[in-house]
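A short worksheet on the structure shown next.
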Amino acid sequence: MKYDIAVLPGDGIGPEVTEEALGVLEAVGKKFGLEFSIKKALLGGCAIDATGHPLPPETLELCRSSSAVLLGAVGGAKWDNLPGNMRPEAGLLGIRAGLGLFANLRPAVIYPALKDASPLRSDIIKDGIDILVVRELTGGMYFGKKGRYETENEGTAAFDTEVYSTQEIRRIARVAFEAARKRKKKVTSVDKANVLESSRLWREVVTVVAKDYPDVELNHMYVDNAAMQLIRCPEQFDVIVTSNMFGDILSDEASMITGSIGMLPSASLGDGTFGLYEPVHGSAPDIAGQDKANPIATILSVGMMMKYSFGLDDAAKEIEDAVSKVLEKGYRTADIASEGTRIVGTKEMGRLIREAISG
Ligand code: IPM
Ligand code: MG
């Protein structure tokens, strides 16, 4: 069996962290006798520079003809003043929508070795944190009608529309309930139903879907309260399901309580096994090219690819275990360093994890 993987390194630290993740992929391939065929393409700022467009048609084509996509990160100050639909981020949104990837899974797990890196007190973290944020990815305000218009007396006005259909809510809710079944069987649906009509529909539909999952406990929470509860008592959460916008915000928050956003992978899935895998973090232009970035989020994204797109659970576990081993030995990139640990660069971290896999 040969696996075709499209790789989109992107901008900033994207290429560096992707390179290390590809090294890990190679090590896993050797260990398990798997053949991966890698093809690279442009997305984001680098694509704008080379072709004038953040998502060139050939990139989308390559992704469509692959079994999975590995993405680094996109964006940077250089492209910040371009119009919205020509920014690197538009390439990312275009690829999510263009590939029908409506479900974004963002696991926030605290590694025992990294307890000290969390900004939360140990009496709050207790035995650890293991939350899965299921973020709707192709709807809501990100894709609703948006625009600007001139008013008579108040200058220019601008708007973005939060819109969700029953079908969109239903399918993301199902993903969350299915995931919860394999975990602690608890779903928290996050909305702003005390104010937003779209949230009231969200709550209604999620409640109906829950009837098909009597073994899973459902509760609803307003997003402001959820932001607070994540810090006050993270252990109450198992699976969080929420809209594109709220999921963007809460997944950054959830990642930070685990110690560093540099640790968190994500999977974006549609109806089948095809998926796009990327770190939750951005392109971090301030440290790009300095061998400082943490490659672990991208490496763990490869792990998620093994599991969700290829059904290679052993390979996924091998990657996760290798990361744990290296952390337990005390190696850290700067973002997760604490007293008594050894700081290494991007390349060295990649090498250590590869070695843990081969060894
Ligand atoms: C993310 C990022 C993106 C988003 C940006 C870069 C468009 O923040 O993947 O969370 O908002 O979805
Ligand atoms: Mg984000």
Side-chain angles (χ1 to χ4, degrees), residues 8-15 17-18 42-48 53-55 59 63 69-108 131-144 146 160-162 164 168 172 190 223 226-227 230 240-258 260-270 275-286 288 293-294 297-298 300-301 304-305 335:
L8 318 175
D11 312 314
I13 59 169
V17 292
T18 308
L42 299 171
L43 179 77
C46 59
I48 297 174
H53 199 280
L55 174 55
T59 296
C63 294
V69 182
L70 179 67
L71 174 67
V74 301
K78 184 176 171 193
W79 306 281
D80 272 351
N81 294 320
L82 292 169
N85 62 347
M86 285 304 288
R87 289 175 59 113
E89 290 82 355
L92 184 57
L93 301 188
I95 207 162
R96 289 170 177 170
L99 299 171
L101 305 170
F102 63 86
N104 186 211
L105 310 187
R106 298 189 159 183
I131 301 169
L132 177 66
V133 178
V134 176
R135 169 189 179 195
E136 201 290 326
L137 202 60
T138 52
M141 224 185 291
Y142 276 64
F143 292 93
K146 58 183 85 235
D160 299 272
T161 319
E162 176 78 354
Y164 270 112
E168 283 177 304
I172 193 70
V190 173
V223 63
L230 268 171
I240 292 176
V241 64
T242 191
S243 65
N244 204 344
M245 188 67 180
F246 295 159
D248 179 44
I249 299 164
L250 291 181
S251 62
D252 267 29
E253 189 187 354
S255 74
M256 198 56 228
I257 64 181
T258 71
S260 169
I261 196 167
M263 292 294 297
L264 292 209
S266 84
S268 303
L269 306 168
L276 179 147
Y277 300 83
E278 57 175 319
V280 168
H281 64 69
S283 58
D286 53 319
N294 185 349
T298 317
L300 291 172
S301 297
M304 289 188 90
M305 179 190 291
D335 56 311

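Just so you know, ligand 1 is whichever comes first in the structure, and atom 1 is the first atom listed for that ligand.
- Judged by distance alone, with hydrogens and angles left aside, the side-chain atoms of Asn104 form no donor-acceptor pair with the main-chain N or O of Glu136 at under 3.5 Å.
- Side-chain atoms of Thr59 never come within 3.5 Å of backbone atoms of Leu55 as a donor-acceptor pair (strictly under, hydrogens ignored).
- Of the listed residues (Arg106, His281, Met245, Arg87), the one carrying the non-hydrogen atom nearest atom 1 (C) of ligand 1 is Arg106.
- The minimum heavy-atom distance linking Cys46 with Leu43 is given by the pair SG-O, 3.3 Å.
- The nearest N/O/S atom of Asp248 to the Mg ion (ligand 2) is OD1.
- Counting heavy atoms from C-beta outward, Ile13 and His281 have side chains that approach closer than 4.5 Å.
- Residue contacts to the Mg ion (ligand 2): Asp252 brings no N, O or S atom closer than 2.8 Å.
- Polar contact with ligand 1: absent for Asp252 (N/O pair, distance under 3.5 Å).
- Ile240 has its side chain out of reach of Phe246: every pair of non-hydrogen atoms, C-beta onward, lies at least 4.5 Å apart.
- Under the 3.5 Å distance criterion, the side-chain polar atoms of Glu162 are left unmatched by any main-chain donor or acceptor of Gly140.
- With a heavy-atom cut-off of 4.0 Å, Arg135 touches ligand 1 through its side chain alone.
- Within ligand 1, counting atoms from 1 as listed, the ones closer than 4.0 Å to a heavy atom of Glu89 are 6 (C), 7 (C).
- Protein heavy atom at the shortest distance from atom 8 (O) of ligand 1 is Asp248 OD1, 3.2 Å.
- When atom types are taken as modelled, the side chain of Thr242 and the backbone of Val190 share a donor-acceptor pair closer than 3.5 angstrom.
- Regarding atom 4 (C) of ligand 1, its nearest protein heavy-atom neighbour is Tyr142 OH, 3.5 Å.
- Looking at Glu278 next to ligand 1, no N or O pair under 3.5 Å apart turns up.
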